[in-house]
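Contents: one structure, followed by commentary.
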Amino acid sequence: MLSLFLLALQVTSTGGLYRVQLLPEPFQEIGPLLPLTWAVNGMQSIVTGGAQADGLTAALALALFGLVSALLAAAVTTGKRRTQMLDRMLRTA
């Protein structure tokens with residue numbers, strides 16, 4: 001359910017459906033914090049033949065989102081594994 005909500009939020013705030021300037025203030029403010037906005041900006045830059053810096057900035061932002069996501073996933077996985085190991089040790093003791 002949360003994933004669907006976040007997807008709808010991202011699609012609304014990317015500026016792909018409506019120009020960013022026409023969106024309400026909250027969507028304009030959270031847009032740069034979401035990865036889909038950077039993906040849309042990068043694709044628009046590539047398709048329209050925009051500046052290479054725009055496409056490179058979008059690619060770097062997406063790489064940063066990927067790195068942060070991988071680190072968070074590793075931290076959560078490690079925490080769950082430790083909890084499971086402790087549970088097993090307590091059950092056998």
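Just so you know, these numbers come straight off a predicted model, no measurement behind them.
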Item to complete: Check whether any side-chain heavy atom of Ser45 lies under 4.5 Å from a side-chain heavy atom of Gln52, and answer yes or no.
Response: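 No. Closest side-chain heavy atoms not under 4.5 Å.
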
Discussion item. Could you tell me if the side chain of Trp38 sits less than 4.5 Å from the side chain of Leu60, heavy atoms only?
Written reply: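 Of all side-chain heavy-atom pairs linking Trp38 with Leu60, none is under 4.5 Å.
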
Approximate separation, where rounding is to 0.5 Å, of [X] [atom1] and [Y] [atom2]:
X     : Y     : atom1 : atom2 : answer
Gln10 : Ile30 : CD    : CD1   : 9.0 Å
Leu36 : Leu62 : CG    : CG    : 9.0 Å
Thr48 : Asp54 : OG1   : CG    : 8.5 Å

Discussion item. Looking at every heavy atom in both Ala74 and Thr78, which two are closest together, and how far apart are they?
Written reply: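 Taking Ala74 first and Thr78 second, the nearest heavy atoms are O-OG1, 2.7 Å.
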
Worksheet entry | Cluster check Leu64, Leu72: I/L/V/M/F/W/Y, side chain < 4.5 angstrom |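 Yes; Leu72 is reachable from Leu64 via cluster members.
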
Worksheet item: According to a 4.5 Å side-chain heavy-atom criterion applied to Ile, Leu, Val, Met, Phe, Trp and Tyr, with indirect links allowed, do Phe27 and Leu34 form part of one hydrophobic cluster?
Response: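 Linked within one cluster.
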
Discussion item. Quick check against the 3.5 Å criterion: does Thr37 have a side-chain atom that pairs as donor or acceptor with the backbone of Gly31?
Written reply: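 Pair found, side chain donor or acceptor close to backbone of Gly31.
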
